[in-house]
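A short worksheet on the structure shown next.
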Number of protein chains: 2
Amino acid sequence: MSDSSSIRKDERFDVVVIGAGVIGLSSAYHMKSENTDLRIIVLDETGAAGQGDTAKSAGAFRNVFTSDVNRLLAGSSIDFYGHIQKDLGFNLDLKYSGYLWLLADKQFRRLENVVESMRREGIQLRIWEKKDLKDMINGVNLEFGENDEEAGIIKAENVVKGLQGIKCGVVSPDLIAKFYEQEFRKIGGTIRYNTKVGSLLLEPRARLGIPSEPLIWQDKKISGVKTAAGTIVADTVVVAAGCRADRLLDPIGIDARFRPRKRQIFSLRSPKIEALLNTKGFNEYDMLPFTITPRAGVFIRPEPTERGFWVGAADELGRSFRFEEEPQAERDYYTYSIYPVLSKYFPQFMDVSPTNMWAGLYDVNTLDAIPYLFEEDGAIVVSGLSGSGIMKADAVGRMVTALYEKKEYANLYGGKEIRVARLGINERDVGIERFVL
Amino acid sequence: MSDSSSIRKDERFDVVVIGAGVIGLSSAYHMKSENTDLRIIVLDETGAAGQGDTAKSAGAFRNVFTSDVNRLLAGSSIDFYGHIQKDLGFNLDLKYSGYLWLLADKQFRRLENVVESMRREGIQLRIWEKKDLKDMINGVNLEFGENDEEAGIIKAENVVKGLQGIKCGVVSPDLIAKFYEQEFRKIGGTIRYNTKVGSLLLEPRARLGIPSEPLIWQDKKISGVKTAAGTIVADTVVVAAGCRADRLLDPIGIDARFRPRKRQIFSLRSPKIEALLNTKGFNEYDMLPFTITPRAGVFIRPEPTERGFWVGAADELGRSFRFEEEPQAERDYYTYSIYPVLSKYFPQFMDVSPTNMWAGLYDVNTLDAIPYLFEEDGAIVVSGLSGSGIMKADAVGRMVTALYEKKEYANLYGGKEIRVARLGINERDVGIERFVL
């Protein structure tokens, strides 16, 4: 761990990457790996790799999307993570334990065509009958009587089918970050932790010594960053700062193109729920897939090493857009918003309280929920990961590299290509994501 | 002027419109005019119509656009303003005095095709030769010698042509707002000034009396607004609050889809510049058109009643996105950013200092600079006017009305139709604006 006091004034690098989360580290690693002579420095205000919102993630991944961009970004990244763990022997706690969407009748009928079209694109999906789900999942409650008042209040609909994404599962975001950190350092990359970037340096290309420079008629360029310990000058600044990006980009008038929204995770352990951990039939690990209920996106994620589950939800309207330095999980949110749904479908959670909880911030792209990647006057901005950054980080890092190299296409892991401008603004072309529940 | 203390608790209206700027008042007027039984109330924190950013506008309008949506919105609104002034006898200080773009060679060549395509769409344009411009515009400087060091520093390029938009000109935004206010009141509309909306009311459709409602599994609806003087309940809330919209929408998790950016205007009066006011040949008023220089969007707008000019600029990179309650114009901005360009092309401005200056906020849509209009759970949001709200306010008000009435198309003044969803999010279809200088 480097100390920020070691930064001298006006150090020079070719590239400064702001943010040592999965996106910043993947970008730094791929840029350096493709351009070994480049002097690249990664800066992060925390003390280690992936300790910002990367660490707050639910650590799940899926390749189940209708947008071909989503499939390319997530699919190739997941394959690369599999390669890291299997071929390179770097453990990521990655398990293809699957995603399991429990579907109400209306949802299933709406998705039938979507499922077919995804299958044609090679996405492995399995549909389970209600009877199978009942047999396989300990204690699960899929049907509610007409007199079930609670079910009526929370509008818990009967589940008719289960949809399993096979090439989906769980992974440790922290370990992905550590992999990129290790590899980036191996090839000579520099990382400084505990180093907060205060602002971007916007300078006229030709300084005149006039007050208030840069003036409106001057050609300008982002030419580095200011930190408490001094200025770092660079030709290119990669802004991979997640929900902190707007604090850097707003002052120079570049829209970071996301809104910050808190997402909470509650960790639950209890002898009552242990049986649910051992669920046979869905995968080789005999564990429950990452399972999503039909109401409000309430999900449960097995965490076998903790002998428990993480649970959360995908709330939208009513959940404010707001930046907080240290977002806190709210016990009331568990009690009143998540618990009624969770305990309805999984009665074994009844009276189980969270033993731990935490909150992170999503940088939500409210336009299409697919990342933005664009270059503007010396800055490369990658933003709007919308909570699916972990599962797309490898592809995004390769696209950052291609954008830096002014290549039209990025080569993703596995050999597929993607046009870099598809994630940009003017020529944005990200398809339509119709797999939304 | 109503006092906010006259609001009783839990008043009920059919529609609350937040904001008595041109957009809010046009929307309220058209909604009420089409649905005379509707109980509509307009709320504004200032003391009179159009006293927010409407009043800070440069008060200019143009129909010169390549996007058909821009042409429809501005063209039909301008026609309606002409109708108000000519046929209804309500003075708006509207003059078809023209826009005049002074074009450097590169700009002209880039725009030649664009000009042709706009002409095919019926936009009246006139191209002036350099010689004509020199003869017509008192003291204008269109060519700079190679030894002109100042011109070199600010990169003042030689002007080769002038492009005049004929159906363009100046208008008083304040008077447009007053027109809608008067007409809205005539047909029974209610307006309350000095009434600040503190928050939107987001409520479950069925309240249960549980803490932290609305919960994530409850169906929710925006059902009114809270003000210091009490709650106003309404079926529909129209958010036409300009740069204040995100303060209302962020807390309930709706993206207002704009970034706030300060724009400044400097008012100049001096005997030295009076001759420029009387410029013959461009229009029936023998006045200089609203004239845009080739550098940094520096413009001059004749203000004959003040015997002077308003000047400003269209800066982008380096001009922060930031909300300020009371944005202030900066004298240094005039001195170092505007003045060098202005006095280069118009030497009569040399040593003339602003006698007055003010600043407003643009609500910039950084995606395509064309307004957003969408409905979400009881709220109709109109935002991202991007500094061209005055010239589009009438059409936008009619589209708000159509959206409220759940009509697919809005009828604009003059008989043309536009699909309401074209300004929305999911089916957004606004064409490409290629007339950007």
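Here is the naming used below: chain letters follow the sequence lines, and residue numbers restart at 1 for every chain.
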Quiz item: In Å and rounded to the nearest 0.5 Å, what is the CG to CG distance from A:Leu215 to B:Asp332?
Solution: 9.5 Å
Quiz item: Which distance, rounded to the nearest 0.5 Å, do you find between the CH2 of B:Trp217 and the CD1 of A:Ile338?
Solution: 13.0 Å
Self-check item: chain A neighbours within residues 291-299 of chain B, where any heavy atom lies under 4.5 Å away
Solution: B:Arg295, B:Ala296, B:Val298
Quiz prompt | Side chain / backbone / both / neither for A:Pro214 at chain B, heavy atoms under 4.5 Å | solution = neither
Quiz item: Checking heavy atoms, do the side chain of A:Ser212, its backbone, both or neither come under 4.5 Å from chain B?
Solution: side chain
Quiz item: Taking every heavy-atom pair that is under 4.5 Å apart, which of B:Arg257, B:Lys155, B:Lys220 has the most such pairs with chain A?
Solution: B:Arg257
Practice problem: Return yes when atom CD of A:Glu150 has more than 12 non-hydrogen atoms of other residues, nucleotides or ligands closer than 6.0 Å, and no otherwise. | Solution: no
Self-check item: Part of A:Leu367 lying under 4.5 Å from any heavy atom of chain B
Solution: both
Self-check item: Beyond-backbone contact of A:Tyr333 with B:Ile216, side-chain heavy atoms, under 4.5 angstrom
Solution: yes
Quiz item: Under a 4.5 Å heavy-atom cut-off, does chain B meet the side chain of A:Arg322, its backbone, both or neither?
Solution: neither
Exercise. Please state whether the side chain, the backbone, both or neither of A:Ala379 comes within less than 4.5 Å of a heavy atom of chain B.
Key: neither
Quiz item: Checking heavy atoms, do the side chain of A:Leu202, its backbone, both or neither come under 4.5 Å from chain B?
Solution: side chain
Quiz item: Is chain B contacted by the side chain of A:Asp255, its backbone, both, or neither, given a heavy-atom distance below 4.5 Å?
Solution: both
Self-check item: Contact class of A:Ile432 relative to chain B, heavy atoms under 4.5 angstrom
Solution: neither
Quiz item: Where on B:Glu376 is there a heavy atom nearer than 4.5 Å to chain A: the side chain, the backbone, both, or neither?
Solution: side chain
Quiz item: Hey, what do you get for CD1 (A:Ile210) to CD1 (B:Ile153), rounding to the nearest 0.5 Å?
Solution: 6.5 Å
Quiz item: What distance do B:Arg259 atom CZ and A:Leu249 atom CG have between them, rounded to the nearest 0.5 Å?
Solution: 9.0 Å
Quiz item: Within a strict 4.5 Å, meaning less than it, do heavy atoms of the A:Ser320 and B:Asp250 side chains meet?
Solution: no
Quiz item: Rounded to the nearest 0.5 Å, how far apart are CD1 of B:Ile254 and CZ of A:Phe321?
Solution: 8.5 Å
